[in-house]
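The structure appears right after this line, and notes come after that.
Order of the sequence lines fixes the chain letters, A, B, ..., with proteins taken first and strands second; residue numbering starts at 1 for each chain.
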There are 2 protein chains.
Amino acid sequence: MAPVAPRSGDAIFANIERVNAELFTLTYGAIVRQLLTDLEEVEEVNKQLDQMGYNIGIRLIDEFLAKSNVSRCVDFRETADVIAKVGFKMFLGVTASVTNWDAEGTCCSIVLEDNPLVDFVELPDNYQGLYYCNILSGVIRGALDMVSMKAEVTWLRDALRGDDVFELQVKLLKQVPEEYPYKDDE
Amino acid sequence: MAPVAPRSGDAIFANIERVNAELFTLTYGAIVRQLLTDLEEVEEVNKQLDQMGYNIGIRLIDEFLAKSNVSRCVDFRETADVIAKVGFKMFLGVTASVTNWDAEGTCCSIVLEDNPLVDFVELPDNYQGLYYCNILSGVIRGALDMVSMKAEVTWLRDALRGDDVFELQVKLLKQVPEEYPYKDDE
(Lines give C-alpha, C1' and ligand atoms only; values in the text may rest on other atoms or scores of the structure.)
Protein backbone atom coordinates (compact mmCIF):
# COMPACT_ATOMS: atom_id res chain seq x y z
CA MET A 1 0.00 0.00 0.00
CA ALA A 2 1.20 3.48 -0.79
CA PRO A 3 1.84 5.74 2.18
CA VAL A 4 -1.10 8.05 2.88
CA ALA A 5 0.59 11.08 4.28
CA PRO A 6 3.72 12.32 2.56
CA ARG A 7 5.49 14.50 5.09
CA SER A 8 7.83 16.20 2.68
CA GLY A 9 6.80 19.33 0.84
CA ASP A 10 8.95 18.51 -2.19
CA ALA A 11 6.58 16.19 -3.98
CA ILE A 12 3.64 18.48 -3.28
CA PHE A 13 5.55 21.53 -4.41
CA ALA A 14 6.46 19.82 -7.67
CA ASN A 15 2.82 19.18 -8.49
CA ILE A 16 1.27 22.47 -7.62
CA GLU A 17 0.52 25.53 -9.71
CA ARG A 18 3.28 28.02 -9.35
CA VAL A 19 4.40 31.43 -10.49
CA ASN A 20 7.85 32.88 -10.97
CA ALA A 21 9.54 33.60 -7.65
CA GLU A 22 11.01 36.89 -8.79
CA LEU A 23 7.59 38.17 -9.78
CA PHE A 24 6.39 37.27 -6.31
CA THR A 25 9.38 38.92 -4.66
CA LEU A 26 8.92 42.13 -6.61
CA THR A 27 5.19 42.13 -6.02
CA TYR A 28 5.72 41.73 -2.31
CA GLY A 29 8.29 44.52 -2.41
CA ALA A 30 5.71 46.72 -4.10
CA ILE A 31 3.27 46.10 -1.25
CA VAL A 32 5.79 47.02 1.39
CA ARG A 33 6.80 50.16 -0.47
CA GLN A 34 3.17 51.11 -0.88
CA LEU A 35 2.46 50.65 2.82
CA LEU A 36 5.52 52.70 3.77
CA THR A 37 4.27 55.51 1.56
CA ASP A 38 0.67 55.36 2.74
CA LEU A 39 1.13 54.70 6.44
CA GLU A 40 4.42 56.50 7.12
CA GLU A 41 4.94 54.94 10.56
CA VAL A 42 7.09 51.82 10.36
CA GLU A 43 5.22 50.35 13.33
CA GLU A 44 1.96 50.70 11.43
CA VAL A 45 3.46 48.99 8.41
CA ASN A 46 4.58 46.07 10.57
CA LYS A 47 1.06 45.76 11.93
CA GLN A 48 -0.53 45.99 8.52
CA LEU A 49 1.78 43.37 7.00
CA ASP A 50 0.99 41.06 9.87
CA GLN A 51 -2.73 41.61 9.36
CA MET A 52 -2.47 40.98 5.62
CA GLY A 53 -0.56 37.81 6.39
CA TYR A 54 -3.21 36.74 8.86
CA ASN A 55 -5.92 37.15 6.22
CA ILE A 56 -3.85 35.12 3.80
CA GLY A 57 -3.08 32.44 6.39
CA ILE A 58 -6.70 31.76 7.23
CA ARG A 59 -7.30 31.01 3.56
CA LEU A 60 -4.04 29.30 2.73
CA ILE A 61 -4.66 26.66 5.36
CA ASP A 62 -7.44 25.26 3.17
CA GLU A 63 -5.10 24.79 0.25
CA PHE A 64 -2.57 23.34 2.60
CA LEU A 65 -4.91 20.76 4.09
CA ALA A 66 -6.36 19.90 0.70
CA LYS A 67 -3.04 19.39 -1.07
CA SER A 68 -0.61 18.29 1.60
CA ASN A 69 -2.35 15.15 2.70
CA VAL A 70 -1.18 15.94 6.19
CA SER A 71 -3.35 14.26 8.75
CA ARG A 72 -4.36 15.86 12.02
CA CYS A 73 -1.30 16.74 14.07
CA VAL A 74 -1.25 15.19 17.52
CA ASP A 75 0.29 18.19 19.23
CA PHE A 76 1.91 21.57 18.79
CA ARG A 77 5.33 19.99 18.30
CA GLU A 78 4.14 18.10 15.29
CA THR A 79 2.28 21.15 14.00
CA ALA A 80 5.41 23.30 14.11
CA ASP A 81 7.30 20.61 12.29
CA VAL A 82 4.71 20.41 9.56
CA ILE A 83 4.69 24.19 9.11
CA ALA A 84 8.47 24.26 8.74
CA LYS A 85 9.02 21.16 6.63
CA VAL A 86 5.85 20.97 4.55
CA GLY A 87 4.29 24.43 4.68
CA PHE A 88 7.31 26.52 3.79
CA LYS A 89 8.33 24.09 1.08
CA MET A 90 4.86 23.93 -0.39
CA PHE A 91 4.32 27.68 -0.55
CA LEU A 92 7.72 29.32 -0.83
CA GLY A 93 9.80 26.42 -2.11
CA VAL A 94 12.22 26.59 0.82
CA THR A 95 12.67 24.46 3.90
CA ALA A 96 12.77 25.79 7.42
CA SER A 97 13.98 24.09 10.56
CA VAL A 98 12.49 23.95 14.04
CA THR A 99 14.66 24.57 17.10
CA ASN A 100 14.75 26.02 20.60
CA TRP A 101 11.83 24.13 22.07
CA ASP A 102 10.90 25.07 25.60
CA ALA A 103 10.36 22.29 28.14
CA GLU A 104 6.56 22.41 27.85
CA GLY A 105 6.59 22.01 24.08
CA THR A 106 4.57 25.20 23.60
CA CYS A 107 7.23 27.51 22.24
CA CYS A 108 9.81 27.02 19.49
CA SER A 109 11.69 28.79 16.76
CA ILE A 110 11.28 28.35 13.04
CA VAL A 111 14.54 29.18 11.33
CA LEU A 112 14.72 30.18 7.70
CA GLU A 113 18.05 30.39 5.92
CA ASP A 114 16.70 30.96 2.49
CA ASN A 115 13.89 33.45 2.08
CA PRO A 116 12.61 34.38 -1.36
CA LEU A 117 10.83 37.45 0.01
CA VAL A 118 14.08 39.31 0.53
CA ASP A 119 15.98 38.77 -2.71
CA PHE A 120 17.39 42.16 -3.78
CA VAL A 121 16.13 43.83 -0.61
CA GLU A 122 18.15 46.18 1.56
CA LEU A 123 16.60 48.26 4.31
CA PRO A 124 17.47 51.95 4.17
CA ASP A 125 18.63 53.39 7.49
CA ASN A 126 15.35 55.12 8.24
CA TYR A 127 13.44 51.85 8.01
CA GLN A 128 15.51 49.84 10.45
CA GLY A 129 12.43 49.25 12.60
CA LEU A 130 10.66 47.51 9.75
CA TYR A 131 9.92 43.80 9.91
CA TYR A 132 9.98 43.41 6.19
CA CYS A 133 8.78 39.81 6.24
CA ASN A 134 6.06 40.40 8.79
CA ILE A 135 3.52 38.96 6.41
CA LEU A 136 5.02 35.54 7.21
CA SER A 137 4.35 35.80 10.92
CA GLY A 138 0.79 36.78 10.09
CA VAL A 139 0.34 33.83 7.74
CA ILE A 140 1.48 31.40 10.43
CA ARG A 141 -0.73 33.02 13.04
CA GLY A 142 -3.73 32.93 10.72
CA ALA A 143 -3.19 29.34 9.65
CA LEU A 144 -2.77 28.18 13.25
CA ASP A 145 -5.89 30.06 14.24
CA MET A 146 -7.90 28.02 11.77
CA VAL A 147 -6.76 24.79 13.37
CA SER A 148 -7.74 26.16 16.76
CA MET A 149 -4.32 27.15 17.98
CA LYS A 150 -3.96 30.74 19.16
CA ALA A 151 -0.33 31.66 18.80
CA GLU A 152 1.97 34.62 19.13
CA VAL A 153 4.57 34.88 16.41
CA THR A 154 7.56 37.20 16.77
CA TRP A 155 10.85 37.76 14.99
CA LEU A 156 13.92 36.87 17.01
CA ARG A 157 16.39 37.23 14.17
CA ASP A 158 16.09 39.01 10.85
CA ALA A 159 18.75 38.79 8.15
CA LEU A 160 17.73 42.21 6.85
CA ARG A 161 18.68 43.64 10.22
CA GLY A 162 22.11 42.04 10.17
CA ASP A 163 21.38 38.62 11.64
CA ASP A 164 22.62 35.53 9.87
CA VAL A 165 19.18 33.95 9.42
CA PHE A 166 15.49 34.60 9.91
CA GLU A 167 14.12 33.22 13.16
CA LEU A 168 10.47 33.31 14.06
CA GLN A 169 9.41 32.43 17.56
CA VAL A 170 6.06 30.68 17.65
CA LYS A 171 4.44 30.53 21.05
CA LEU A 172 1.24 28.60 21.59
CA LEU A 173 -1.01 30.70 23.81
CA LYS A 174 -4.11 28.62 23.88
CA GLN A 175 -5.42 25.56 22.17
CA VAL A 176 -9.11 26.19 21.62
CA PRO A 177 -11.29 23.11 21.73
CA GLU A 178 -12.96 22.88 18.35
CA GLU A 179 -16.60 23.82 18.43
CA TYR A 180 -19.43 23.44 16.00
CA PRO A 181 -20.48 25.32 13.98
CA TYR A 182 -17.17 26.36 12.51
CA LYS A 183 -16.68 29.92 11.40
CA ASP A 184 -17.26 29.61 7.72
CA ASP A 185 -16.78 33.12 6.41
CA GLU A 186 -13.36 34.40 5.27
CA MET B 1 24.03 23.16 -33.73
CA ALA B 2 21.48 23.67 -31.00
CA PRO B 3 19.01 26.50 -31.52
CA VAL B 4 20.07 29.62 -29.63
CA ALA B 5 16.76 31.18 -28.85
CA PRO B 6 14.01 28.95 -27.50
CA ARG B 7 10.77 30.79 -28.15
CA SER B 8 8.59 28.84 -25.80
CA GLY B 9 8.27 29.80 -22.18
CA ASP B 10 7.62 26.23 -21.04
CA ALA B 11 11.19 25.06 -20.76
CA ILE B 12 12.23 28.28 -19.07
CA PHE B 13 9.32 28.15 -16.66
CA ALA B 14 10.24 24.60 -15.68
CA ASN B 15 13.73 25.65 -14.68
CA ILE B 16 13.06 28.78 -12.76
CA GLU B 17 12.52 29.40 -9.07
CA ARG B 18 8.86 29.49 -8.30
CA VAL B 19 6.41 29.94 -5.49
CA ASN B 20 2.93 28.58 -4.97
CA ALA B 21 0.40 30.26 -7.25
CA GLU B 22 -2.27 30.46 -4.59
CA LEU B 23 0.06 32.27 -2.23
CA PHE B 24 0.72 34.73 -5.02
CA THR B 25 -2.97 35.12 -5.79
CA LEU B 26 -3.85 35.75 -2.16
CA THR B 27 -0.94 38.13 -1.71
CA TYR B 28 -2.02 40.09 -4.75
CA GLY B 29 -5.57 40.13 -3.41
CA ALA B 30 -4.25 41.54 -0.16
CA ILE B 31 -2.58 44.40 -2.04
CA VAL B 32 -5.74 45.29 -3.88
CA ARG B 33 -7.80 45.17 -0.71
CA GLN B 34 -5.24 47.35 1.05
CA LEU B 35 -5.29 49.92 -1.72
CA LEU B 36 -9.08 50.01 -1.74
CA THR B 37 -9.03 50.69 1.99
CA ASP B 38 -6.30 53.31 1.85
CA LEU B 39 -7.18 55.17 -1.30
CA GLU B 40 -10.96 54.83 -1.36
CA GLU B 41 -11.36 56.02 -4.96
CA VAL B 42 -11.41 53.08 -7.39
CA GLU B 43 -9.80 55.27 -10.03
CA GLU B 44 -6.88 55.93 -7.72
CA VAL B 45 -6.51 52.22 -7.04
CA ASN B 46 -6.38 51.53 -10.78
CA LYS B 47 -3.65 54.13 -11.14
CA GLN B 48 -1.68 52.83 -8.20
CA LEU B 49 -1.82 49.21 -9.39
CA ASP B 50 -0.62 50.32 -12.79
CA GLN B 51 2.24 52.25 -11.20
CA MET B 52 3.23 49.28 -9.03
CA GLY B 53 3.18 47.09 -12.11
CA TYR B 54 5.32 49.60 -13.98
CA ASN B 55 7.93 49.50 -11.22
CA ILE B 56 7.89 45.71 -11.31
CA GLY B 57 8.08 45.62 -15.11
CA ILE B 58 11.19 47.75 -15.33
CA ARG B 59 12.94 45.24 -13.09
CA LEU B 60 11.38 42.04 -14.37
CA ILE B 61 12.66 42.73 -17.87
CA ASP B 62 16.18 42.00 -16.61
CA GLU B 63 15.20 38.57 -15.39
CA PHE B 64 13.35 38.04 -18.60
CA LEU B 65 16.28 38.90 -20.85
CA ALA B 66 18.71 36.96 -18.68
CA LYS B 67 16.67 33.76 -18.54
CA SER B 68 14.64 33.68 -21.71
CA ASN B 69 17.47 33.64 -24.23
CA VAL B 70 15.28 35.75 -26.44
CA SER B 71 17.35 37.65 -28.95
CA ARG B 72 16.60 41.19 -29.99
CA CYS B 73 13.12 41.45 -31.49
CA VAL B 74 13.07 42.90 -34.98
CA ASP B 75 9.86 44.82 -34.54
CA PHE B 76 6.85 45.45 -32.33
CA ARG B 77 5.01 42.48 -33.81
CA GLU B 78 7.68 40.12 -32.67
CA THR B 79 7.91 41.85 -29.29
CA ALA B 80 4.20 41.42 -28.64
CA ASP B 81 4.47 37.79 -29.58
CA VAL B 82 7.34 37.25 -27.17
CA ILE B 83 5.46 38.95 -24.32
CA ALA B 84 2.42 36.75 -24.86
CA LYS B 85 4.11 33.42 -25.54
CA VAL B 86 7.28 33.62 -23.48
CA GLY B 87 6.71 36.35 -20.91
CA PHE B 88 3.33 35.26 -19.57
CA LYS B 89 4.43 31.65 -19.49
CA MET B 90 7.67 32.44 -17.75
CA PHE B 91 6.17 34.59 -15.02
CA LEU B 92 2.59 33.46 -14.52
CA GLY B 93 2.73 29.99 -16.00
CA VAL B 94 -0.02 30.72 -18.53
CA THR B 95 0.02 31.42 -22.23
CA ALA B 96 -1.59 34.38 -23.88
CA SER B 97 -2.41 34.92 -27.52
CA VAL B 98 -1.94 37.95 -29.75
CA THR B 99 -4.74 39.14 -32.02
CA ASN B 100 -6.41 42.18 -33.57
CA TRP B 101 -3.37 43.72 -35.20
CA ASP B 102 -3.92 47.04 -36.89
CA ALA B 103 -2.61 47.55 -40.42
CA GLU B 104 0.50 49.44 -39.27
CA GLY B 105 1.57 46.72 -36.85
CA THR B 106 1.65 49.13 -33.93
CA CYS B 107 -1.43 48.05 -32.02
CA CYS B 108 -2.63 44.61 -30.98
CA SER B 109 -4.48 42.72 -28.29
CA ILE B 110 -3.04 40.24 -25.83
CA VAL B 111 -5.75 37.81 -24.81
CA LEU B 112 -5.58 35.85 -21.61
CA GLU B 113 -7.98 33.02 -20.98
CA ASP B 114 -6.38 31.75 -17.84
CA ASN B 115 -5.32 34.30 -15.26
CA PRO B 116 -3.94 33.19 -11.90
CA LEU B 117 -4.46 36.66 -10.41
CA VAL B 118 -8.20 36.26 -10.31
CA ASP B 119 -8.72 32.83 -8.79
CA PHE B 120 -11.42 33.13 -6.11
CA VAL B 121 -12.00 36.79 -6.96
CA GLU B 122 -15.39 38.38 -7.39
CA LEU B 123 -15.88 42.13 -7.61
CA PRO B 124 -18.50 43.52 -5.27
CA ASP B 125 -21.00 45.86 -6.94
CA ASN B 126 -19.42 49.01 -5.56
CA TYR B 127 -16.08 48.16 -7.14
CA GLN B 128 -17.26 47.64 -10.69
CA GLY B 129 -14.91 50.37 -11.88
CA LEU B 130 -11.90 48.51 -10.62
CA TYR B 131 -9.38 47.05 -13.04
CA TYR B 132 -8.37 44.34 -10.66
CA CYS B 133 -5.48 43.11 -12.81
CA ASN B 134 -4.16 46.56 -13.61
CA ILE B 135 -0.78 45.56 -12.30
CA LEU B 136 -0.37 43.50 -15.48
CA SER B 137 -0.82 46.46 -17.79
CA GLY B 138 1.77 48.31 -15.73
CA VAL B 139 4.24 45.44 -15.93
CA ILE B 140 3.96 45.33 -19.72
CA ARG B 141 4.30 49.09 -20.00
CA GLY B 142 7.35 49.09 -17.72
CA ALA B 143 9.05 46.19 -19.46
CA LEU B 144 8.48 47.74 -22.91
CA ASP B 145 9.82 51.05 -21.67
CA MET B 146 13.09 49.38 -20.80
CA VAL B 147 13.49 48.14 -24.36
CA SER B 148 12.82 51.63 -25.68
CA MET B 149 9.19 51.16 -26.61
CA LYS B 150 6.75 53.65 -25.16
CA ALA B 151 3.37 51.96 -25.09
CA GLU B 152 -0.16 52.54 -23.90
CA VAL B 153 -1.79 49.49 -22.37
CA THR B 154 -5.55 49.37 -21.77
CA TRP B 155 -8.10 46.73 -20.87
CA LEU B 156 -10.62 45.99 -23.60
CA ARG B 157 -12.17 42.98 -21.89
CA ASP B 158 -12.10 41.86 -18.29
CA ALA B 159 -13.53 38.55 -17.12
CA LEU B 160 -14.20 40.04 -13.69
CA ARG B 161 -16.51 42.52 -15.36
CA GLY B 162 -18.43 39.83 -17.16
CA ASP B 163 -16.40 39.38 -20.33
CA ASP B 164 -15.35 35.92 -21.41
CA VAL B 165 -11.60 36.62 -21.35
CA PHE B 166 -9.06 39.25 -20.41
CA GLU B 167 -7.97 41.39 -23.34
CA LEU B 168 -5.23 43.97 -23.08
CA GLN B 169 -4.71 46.40 -25.91
CA VAL B 170 -1.07 47.30 -26.38
CA LYS B 171 -0.47 50.34 -28.53
CA LEU B 172 3.03 51.38 -29.48
CA LEU B 173 3.27 55.15 -29.15
CA LYS B 174 6.89 55.73 -29.89
CA GLN B 175 9.95 53.64 -30.44
CA VAL B 176 12.86 55.50 -28.94
CA PRO B 177 16.03 54.96 -30.92
CA GLU B 178 18.58 53.20 -28.73
CA GLU B 179 21.67 55.14 -28.03
CA TYR B 180 25.18 54.00 -27.34
CA PRO B 181 26.57 53.05 -24.97
CA TYR B 182 24.12 50.21 -24.37
CA LYS B 183 23.54 49.17 -20.83
CA ASP B 184 25.71 46.09 -20.80
CA ASP B 185 24.99 44.59 -17.44
CA GLU B 186 22.16 42.08 -17.25
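- With values rounded to the nearest 0.5 angstrom, B/L26 atom CG is found 9.5 Å from A/I135 atom CD1.
- Under the 4.5 Å side-chain heavy-atom criterion for Ile, Leu, Val, Met, Phe, Trp and Tyr, A/L160 and A/V42 are members of the same hydrophobic cluster.
- To the nearest 0.5 Å, atoms CG (A/L23) and OH (B/Y28) are separated by 10.5 Å.
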Cut-off 3.5 Å, no hydrogens considered: what does the side-chain donor-acceptor table look like for residues 29-37 of chain A, sequence neighbours left out?
residue, atom, partner, partner atom, Å
A/Q34, OE1, B/Q48, NE2, 2.8
A/Q34, NE2, A/D38, OD1, 3.2
A/Q34, NE2, A/D38, OD2, 2.9
A/T37, OG1, A/R33, O, 2.9

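- Grouping the Ile, Leu, Val, Met, Phe, Trp and Tyr side chains by contacts below 4.5 angstrom, directly or via other members, places B/F88 apart from B/V165.
- Residues that satisfy the side-chain contact (heavy atoms from CB on, under 4.5 Å) test with B/E152, not counting sequence neighbours, are B/K171, B/L173.
- Interface residues of residues 91-128 of chain B toward chain A, defined by a heavy-atom distance below 4.5 Å and sorted by number: B/F91, B/L92, B/F120.
- Annotation: the span from A/R18 atom CZ to B/N20 atom CG amounts to 9.0 Å, rounded to 0.5 Å.
- Residue-environment remark: CD (B/E17) stays at or below the threshold of 12 foreign heavy atoms within 6.0 Å.
- Residue pairs meeting the side chain to side chain donor-acceptor pair (under 3.5 Å) criterion with at least one member in residues 153-163 of chain A, sequence neighbours excluded, are A/Y131-A/R161, A/N134-A/W155, A/R157-A/D164, A/R157-A/E167.
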